[in-house]
Amino acid sequence: MGRCFAPSQAYPPGRCLMARPYIPHEIEPKWQERWEKDGIHHADVDPNKPKHYALTMFPYPSGDLHIGHWYAMVPSDARARFMRMRGYNVLFPMGFDAFGLPAENAAIRRGIHPKVWTYQNIERMRKQLRSMGAMFDWRREVVTCDPEYYRWNQYWFIQMYKHGLAYRKLAPVDWCPRCNTTLAREQVIGEERVCERCGTPVIKRNLEQWFLKITAYAEELKDFSHLDWPEKVINAQRQWIGDRSEGANVVFRTEQGHPIEIFTTRPDTLWGATFMVLAPEHPLLDEIVPESHQKQVDEYRHRAARLSDIERTAEEREKTGVFTGAYAINPVNGERIPIWIADYVLMTYGTGAIMAVPAHDQRDFEFAKKYGLEIRPVIFPLDEDGNPIPLDPATMTEAYEGPGVMVNSGPLTGTRIVKAKGWDDPGIMKVIEWLEAQGIGERAYQYRLRDWLISRQRYWGTPIPMVYCEKCGWNPVPEDQLPVTLPDDEHVQWKPTGESPLTYHPTWKHTTCPVCGGPAVRETDTMDTFIDSSWYHLAYLQLGTLEKEPFDKKEYEYWFPVDTYTGGAEHATMHLLYVRFFHKALRDMGFVDGPEPMIQLRCQGVVLGEPRPGDFVVVEGEWTQKPTAMTARRIRVVRASQEIRHLPREQWGEFRVEDGAIWGEVYFRDEHLVHVRVNPYRPDEGDKGEHAQLVVVTVMPETQVEIPGKPDAGHMELTYHLGVEKMSKSKFNVVEPGPLVDQYGADTVRAYLMFFARWEKGGPWDSRGIEGVARWLRRVWNLVHESAEAPRREDADPDKVRQLRYHVHSTLKKVTHDLENFDFNTAVAALMELMNALGNLKKDLMGTAAWDEALDVYLRMLAPIAPHMAEELWTEVLGKPYSVHQQAWPEVDEEAARAPEFTLVIQVNGKVRARIQVPVDITEEEAKRLALEHPAVQRRLDGREPKRVIYVPGKLVNIVV
RNA sequence: GGGCACGUGGCGGAACUGGUAGACGCGCGGGACUUAGGAUCCCGUGCCGCAAGGCGUGAGGGUUCGAGUCCCUCCGUGCCCA
């Protein structure tokens, strides 16, 4: 019988067995509409069912859904579906993280309003998301740039402000002195740190900004005991938060009386402080530097402002600094000590000022040696008998940072310092108590974690709901006046100023003081967009409007917390930390409860671009510099290098220079040049590219370019060599899901994304591999169609039935286990394997009851992975009750899943010598007997007695000679 | 410089608590069916060897009856932090 290409509508039952081809775009939109219409993905509170809140990170609406979005969301969807089939009431919502910079940049560059740009993108991405066939409950969608959403950002902020968790403080920002504006971090370009627009070196400048007190939760955030999160993420957070350093805050004063607070872990060395060091951007410098030193201070500040924090604090770097001409008074002994500035002190770290004790701190020691500052030991180490060993500053080669006894320390002289670290050192504690009694210092601690700076000098974000009045200072906007909405009239100007357009708006910022009713101005900065994603998991818990409440209390009580959260690990120290902080802050303010917002976290890997070879070309032309540069007369693509590489080596051809022509692979190309690599790349011979010889070929306007199949091609169409790299538009290695879905259908793309790599690992995309998955699904499609037409039969061979049921139930067991554990690739592999087994058994069993069971189980297992095909085959082809997605996950028949026999491995001295099939219930004696009798063993035993015989039930017998 | 991962065929990857290395798929080789095929189906495919057999999880060492898996040293790659 020939192949029958009847279109599906004309598919006549009972004829043409393999007739109906699998055409995904005929079934996928159909089911998507039906599911939508029937609301089968709606998740509603149902106290009679166990709940499962599955959440996957919502996308930024950048324009188009990337393959990375699919990679993150599709397996999450498959697992949510799996959980639903297992009897859970599953909530799987979706929304858009819609505030952010790209929208504003589009406004600046193209004059399109960020709101218009964003909502257009959302519209497009909604459609694309639907094409995935995921079970999102769209009724709960949230869009963070919607005033109904961001009013709650403002509400939370005000609550935190009222609870002392939000405060305002001076902090440095990057500043372009030429454009006279602040710059976002991404606007500062390269190692030279220049302004992206004018190329002027960027400096740091202080600005009043809002902070959230995440450090108040540092200790609790380091407790991960309630979380089932990847070790990698936990480690990153732990390291990010850092250890608590315990010490004291001590207030020094300048000669003029300005307070300078410092933090130290070694208050016991206070009497050895011989100078102070301030960060170059410390605001006090504007007041205390005398005229005589102004110039050198300014110069130094200017230089320091250009370095990154990492460069400034690198340990190996030599410390630099200058004297400010000002002096401070050491509060413990009234001594006058010089104030220096040095770039290794950061404004963002601690208070931006340190006391320097060169005798007992290595960095201070090096600094003092370099600039000839006094080194005064105030801790002497002790010898074995407990007698102090005096330190002589003249002969010290490094700071003494260890324990000992305090000397030259006024009333505390003689105090023992045991550990030289932390509050459990009684000596240090004694010093702190003394400082507290004197009113010059107090216990304090610090973490590596800094408070969360949320101010952004940008338009497209949540306005910070604070108002400043000359008389009353900063006050929150009254809650009944929320939301403070962004103005979007014609007065908003999209100037690339780096400051929020809100500042320049003629009327927006002017308001009245909520306290005195007098004139006041609004905060014109907006919030960091990470605020938006810090509580969106709560916002999904509503069916109506967010107008009255941030989430529905009943919904909250049922659904919260998130059971499974999926997304990228790159958010480890940002979003994933902020969301935990937010939860804890909200909990302490009485809005939510429980230790953590997201119990289980799983992170997908990254889909990298496909490695690809460059075109193989023959270039004819004239050498301009033999043998490294030539001008091309003619460039001809000869064969894909992929093919070349498979040729035997002797056919590869060699580098030819004598006749003005070269043959090689394109490694790079731009408008004027093509780089051709003339020694063929031979990875299979260990060639890592070290013998590469590149010829730079200049392309002239009149150069002929011949690419087979492309008549009018120019040299810009030559493809060039690309290894495994992140996908990026400029490298042309971006895989777009749209065309893939058009070609293969969403189910195939879904299945391939689950199959091609371990989900948590990711890896390079391989466009050929998808064919294998497509073939598998087509085979399933054909098999089920064939089965539907097959005549019934009762003559099943019991042995074959046993085999079939073994395959079905052992696969079911594996797939269940794998989906549970996010091992999507092996789940798909198991289904492929079962498909192969079904293919082998079909002639014996198709049409029997056992066969029906097999297909039934198969389609249920397929449903989470290829939802459209499973539905079509289940409902339409087999005529089972709609919908397959509302069916229960099948139960494993443990009896059937057990193989009747297994392969017993027989080893001699740990090396495999034979394998025999034995029944599963074989006894130890029997197994050992069979092993010892085996000829392969006898031959090696050669009459000797085995020293030992090891038996591992169900596995092997190892005979030790 | 520190921390954390990882290193398996030509390729992507399997291998649960140490127990048959290479499941599944790609690619490749052969065959069938076709006017033809890049469609479909079947067979083969870690390496060496005609075979018996030997060798194989980055390199070297160790623990063990037995190591891809555990321990040590080194090399390489990736990510995070400084």
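Order of the sequence lines fixes the chain letters, A, B, ..., with proteins taken first and strands second; residue numbering starts at 1 for each chain.
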Between N or O atoms, less than 3.5 Å apart, protein on one side and nucleotides 17-21 of chain B on the other: list the pairs.
{"residue": "B:G19", "atom": "N2", "partner": "A:Gln907", "partner atom": "OE1", "Å": "3.4"}
{"residue": "B:G19", "atom": "N2", "partner": "A:Asn958", "partner atom": "ND2", "Å": "3.4"}
{"residue": "B:U20", "atom": "O2", "partner": "A:Arg915", "partner atom": "NE", "Å": "2.8"}

Measure the distance from [atom1] on [X] to [atom2] on [N] and round it to the nearest whole Å.
X: A:Tyr744; N: B:C26; atom1: OH; atom2: C1'; answer: 12 Å
X: A:His807; N: B:A23; atom1: NE2; atom2: P; answer: 16 Å
X: A:Lys761; N: B:G12; atom1: NZ; atom2: P; answer: 8 Å
X: A:Trp229; N: B:C4; atom1: CH2; atom2: C1'; answer: 18 Å
X: A:Tyr71; N: B:G12; atom1: OH; atom2: C1'; answer: 11 Å
X: A:Asp823; N: B:A14; atom1: CG; atom2: P; answer: 8 Å
X: A:Arg779; N: B:C42; atom1: CZ; atom2: P; answer: 6 Å
X: A:His817; N: B:A15; atom1: NE2; atom2: C1'; answer: 13 Å

Cationic tip of A:Arg448 above A:Trp240 ring, under 6.0 Å, 45° of axis: yes

Rounded to whole angstrom, note down the [atom1] distance from [N] over to [M].
N: B:G58; M: B:G53; atom1: P; answer: 27 Å
N: B:G76; M: B:A59; atom1: C1'; answer: 10 Å
N: B:G10; M: B:G61; atom1: P; answer: 23 Å
N: B:C26; M: B:U40; atom1: P; answer: 10 Å
N: B:G78; M: B:G27; atom1: P; answer: 29 Å
N: B:G46; M: B:G22; atom1: C1'; answer: 7 Å
N: B:U69; M: B:G19; atom1: P; answer: 10 Å
N: B:A67; M: B:U20; atom1: C1'; answer: 14 Å

With sequence neighbours left out, which residue pairs that include part of residues 824-839 of chain A fulfil the side-chain hydrogen bond (donor to acceptor under 3.5 Å, both in side chains) condition? A:Arg779-A:Asn836, A:Asp818-A:Thr826

Given 3.5 Å as the limit, does a donor-acceptor pair link the side chain of [X] with the main chain of [Y], or not?
X: A:Trp765; Y: A:Val734; answer: no
X: A:Glu281; Y: A:Gly352; answer: no
X: A:Arg778; Y: A:Tyr22; answer: no
X: A:Arg750; Y: A:Ile865; answer: yes
X: A:Asn909; Y: A:Val961; answer: yes
X: A:Glu401; Y: A:Gln362; answer: yes
X: A:Arg20; Y: A:Trp781; answer: no
X: A:Thr215; Y: A:Asp451; answer: no
X: A:Tyr71; Y: A:Trp759; answer: yes
X: A:Gln938; Y: A:Leu932; answer: yes

Shorter than 3.5 Å, N or O on both sides, protein versus nucleotides 45-49 of chain B: list them out with atom names.
none

Give a yes/no on whether any side-chain N or O of [X] is located under 4.0 angstrom from OP1 or OP2 of [N].
X: A:Arg758; N: B:G12; answer: no
X: A:Arg775; N: B:G25; answer: no
X: A:Arg768; N: B:C11; answer: no
X: A:Arg448; N: B:C81; answer: no
X: A:Asn235; N: B:A5; answer: no
X: A:Lys232; N: B:C79; answer: no

Residue set satisfying salt bridge (Lys or Arg N to Asp or Glu O under 4.0 Å) with A:Arg86, at least two apart, ordered chain then number -> A:Glu820

Among the nucleotides B:C26, B:C24, B:A14, which one has an atom lying closest to any side-chain atom of A:Thr826? B:A14

Of the nucleotides B:G13, B:C81, B:A23, which has the atom closest to the A:Ala829 side chain? B:A23

So which one's nearest nucleotide on RNA chain B is more toward 5', A:Met832 or A:Gln239? A:Met832

A:Ala236 or A:Asn840: which one's nearest nucleotide on RNA chain B is closer to the 5' end? A:Asn840

Spacing of A:Arg915 atom CZ and A:Leu904 atom CG [to the nearest 0.5 Å]: 11.0 Å

From A:Phe755 CZ over to A:Met832 CE, what is the distance, rounded to the nearest 0.5 angstrom? 4.0 Å

Counting any heavy atom closer than 4.0 Å, what does [X] reach on the DNA or RNA strands: base, sugar-phosphate only, or nothing?
X: A:Trp776; value: nothing
X: A:Gly954; value: nothing
X: A:Glu833; value: sugar-phosphate
X: A:Lys947; value: nothing

Pair A:Glu933 + A:Arg929, salt bridge at N-O below 4.0 Å: yes

Taking the side chain as every heavy atom from C-beta outward, state whether A:Thr811 and A:Val857 have any atom pair closer than 4.5 Å. no

Tabulated below should be each protein N or O lying under 3.5 Å from an N or O of nucleotides 52-58 of chain B; please produce it.
{"residue": "B:G54", "atom": "OP1", "partner": "A:Arg913", "partner atom": "NH1", "Å": "3.4"}
{"residue": "B:G54", "atom": "OP2", "partner": "A:Arg913", "partner atom": "NH1", "Å": "3.3"}

As a test of your reading of the structure, name each stem of RNA chain B as range with range, where a stem is three or more consecutive Watson-Crick or G-U pairs at under 3.5 Å. B:1-7 with B:75-81, B:10-12 with B:24-26, B:27-32 with B:40-45, B:46-48 with B:53-55, B:58-62 with B:70-74

Syn if the chi torsion is within 90° of 0, anti otherwise; quick check, which is B:G46? anti

